[in-house]
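Accompanying notes for the structure given below.
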Amino acid sequence: MSAAGAFSLDQLMELAGLACAQALATVYSREKYPRVLVCCGPGNQGGDGLVAARHLGMFGYKPTIWYPKPGSKDIYKRLQQQCNNMKIPTLENTPDNSSLKSALASSDVILDAIFGFSFMPPVRAPFDTALPLIAESKLPIVSVDVPSGWNVDLGNVDDKGLNPDVLVSLTAPKEGVRKYTGRHFLGGRFVPKSLEEKFQLNLPEYPGISQIVELPRAGESSDSQKL
């Protein structure tokens with residue numbers, strides 16, 4: 001998308017993260033769910049999470065970031081500094097996941113931005129022990145693009161992935177989430193008409209100035225094209 005659409009990675013992450021923050025805020029009000037635990041992986045998925053955390057802070061939420069393996073690229077460092085400038089706390093990385101356990105006990109909702117489009121199993125440390133903790137917390141989960149632990153084409157094949165309450169697909173829904181049954185939003189309102197036509201995406205119309213559009217649940221009629 002970045003090369004074909006002439007977007008920079010910074011632009012794409014900013015728009016994707018804003019969409020994820022808006023989706024979470026649409027479903028989980030800051031009055032009832034003010035404390036958001038943003039769980040970030042080391043790649044672009046984590047970058048989307050950092051952007052979302054900043055926007056959630058701007059929206060009046062109280063985000064906390066779990067980022068055990070920060071990405072080494074300059075863009076990730078800048079995104080993390082932006083969160084630091086917003087005084088959004090990042091949890092200390094503890095080998096026994098004690099900081100994560102404590103944060104889960106004092107959060108209202110989770111934004112899952114750990115693994116995404118390029119994830120290939122198996123789940124490795126420290127995420128192999130973290131995913132069960134997140135799942136067992138029973139907190140509502142909003143996943144970014146593909147639920148962490150899911151295969152992008154085949155879905156939750158080994159049943160070790162997260163089962164989010166809300167999914168925010170970016171650009172277009174992926175094949176692996178075809179049977180996902182929770183609330184499903186499409187975000188990333190940046191696909192140019194030329195690419196939409198080239199790949200026959202048949203994307204739904206976004207309402208008004210919103211960065212997201214809610215999609216029909218699995219089993220309901222839908223005109224949106226899987227990617």
Side-chain angles (χ1 to χ4, degrees), residues 13 16-41 45-70 79-80 82-94 96-116 126-127 129-150 156 160-170 177 180-187 210-212 214-215 217:
M13 281 191 179
L18 174 58
C20 293
Q22 190 175 95
L24 186 146
T26 296
V27 181
Y28 301 105
S29 70
R30 69 180 184 183
E31 291 77 19
K32 190 174 180 180
Y33 301 89
R35 302 170 299 176
V36 184
L37 179 59
V38 182
C39 298
C40 297
Q45 192 87 343
D48 294 342
L50 294 173
V51 172
R54 170 164 45 81
H55 282 292
L56 287 167
M58 291 289 188
F59 293 169
Y61 288 82
K62 298 177 181 178
T64 296
I65 297 168
W66 181 66
Y67 195 28
K69 294 185 68 175
L79 290 174
Q80 190 167 21
Q82 290 165 15
C83 290
N84 293 340
N85 294 343
M86 284 283 295
K87 297 186 178 180
I88 298 172
T90 297
L91 298 175
E92 179 184 0
N93 184 22
T94 54
D96 62 352
N97 282 325
S98 58
S99 63
L100 176 60
K101 293 175 184 176
S102 177
L104 288 168
S106 58
S107 297
D108 301 305
V109 60
I110 297 166
L111 182 66
D112 159 36
I114 300 174
F115 300 130
F127 305 105
T129 55
L131 288 188
L133 291 175
I134 294 171
E136 292 164 6
S137 73
K138 303 302 181 184
L139 293 172
I141 299 173
V142 178
S143 284
V144 176
D145 204 24
V146 180
S148 288
W150 287 38
N156 195 11
K160 293 183 179 179
L162 297 179
N163 289 298
D165 303 271
V166 178
L167 175 64
V168 188
S169 289
L170 298 173
V177 304
Y180 174 73
T181 58
R183 291 190 69 176
H184 193 178
F185 292 86
L186 181 64
S210 179
Q211 296 299 306
I212 56 173
E214 188 161 7
L215 302 176
R217 300 196 182 207

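These figures come from a predicted structure and were not determined experimentally. Along the sequence shown, the residues carry numbers beginning at 1.
The two atoms that bring Pro68 and Cys40 nearest to each other are CD-O, 3.8 Å, heavy atoms only. The heavy-atom pair separating Thr129 from Leu133 by the smallest distance is O-CG, 3.4 Å. Here the closest non-hydrogen pair linking Leu167 and Val146 is CD1-N, 4.1 Å. Of all non-hydrogen atoms in Val168 and Ala23, the two that sit nearest each other are CG2-CB, 3.5 Å. Tyr28 and Pro140 make their closest contact through OH-CB, 3.3 Å (heavy atoms, listed as atom of the first residue, atom of the second, distance). Nearest heavy-atom pair, Leu162 versus Pro147, reported as atom, atom and distance to 0.1 Å: O-CB, 3.7 Å.
The aromatic rings of Phe59 and His55 are tilted relative to each other, their planes meeting at an angle between 30° and 60°.
In this structure, the side chains of Val142 and Leu111 come closer than 4.5 Å at one or more pairs of heavy atoms. At least one side-chain heavy atom of Leu100 sits under 4.5 Å from a side-chain heavy atom of Leu37. Between Asp108 and Pro34, the closest side-chain pair of non-hydrogen atoms falls below 4.5 Å. For the pair Lys160 and Leu131, the minimum side-chain heavy-atom distance is 4.5 Å or more. The shortest side-chain heavy-atom distance between Tyr180 and Pro164 falls under the 4.5 Å cut-off. Residues Val109 and Val27 fail the side-chain proximity criterion, which asks for heavy atoms closer than 4.5 Å. The side-chain heavy atoms of Cys83 and Ile65, taken from C-beta on, include a pair separated by under 4.5 Å. Between Asp112 and Ile134, the closest side-chain pair of non-hydrogen atoms is not below 4.5 Å.
Remark: side-chain polar atoms of Gln22 are paired, donor with acceptor, to backbone N or O of Gln211 under 3.5 angstrom. Remark: the backbone N or O of Phe115 is paired with a side-chain donor or acceptor of Ser148 at under 3.5 angstrom. Within the 3.5 Å criterion, the main-chain N or O of Ser99 finds no donor-acceptor partner in the side chain of Ser102. Distance alone, capped at 3.5 Å, is enough to place a donor-acceptor pair between the Asp145 side chain and the Leu170 backbone. In terms of modelled atom types and a separation under 3.5 Å, the side chain of Asp48 and the main chain of Ala16 share no donor-acceptor contact.
Here the straight-line distance linking atom CE of Met86 with atom CG of Leu56 works out to 9.5 Å at 0.5 Å rounding. With rounding to the nearest 0.5 angstrom, the CD atom of Gln45 is 8.5 Å from the OG atom of Ser143. In this structure, Leu139 CG and Ile110 CD1 are separated by 4.5 Å, a value rounded to the nearest 0.5 Å. Atom CD in Glu214 sits 10.0 Å away from atom NE2 in His184 (nearest 0.5 Å). Annotation: the span from Cys39 atom SG to Leu104 atom CG amounts to 6.5 Å, rounded to 0.5 Å. Of the inter-residue distances, the one linking Thr90 atom OG1 with Gln80 atom CD reads 5.0 Å to the nearest 0.5 angstrom.
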Are Arg54 and Leu79 close enough, and set up right, to give a side-chain contact (heavy atoms from CB on, under 4.5 Å), and what steps lead you there? CA-CA 9 Å; Arg54 170 164 45 81; Leu79 290 174; 4.2 Å; yes
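Sorted by first and then second residue, the side-chain hydrogen bond (donor to acceptor under 3.5 Å, both in side chains) pairs involving residues 56-69 (not counting sequence neighbours) form an empty list.
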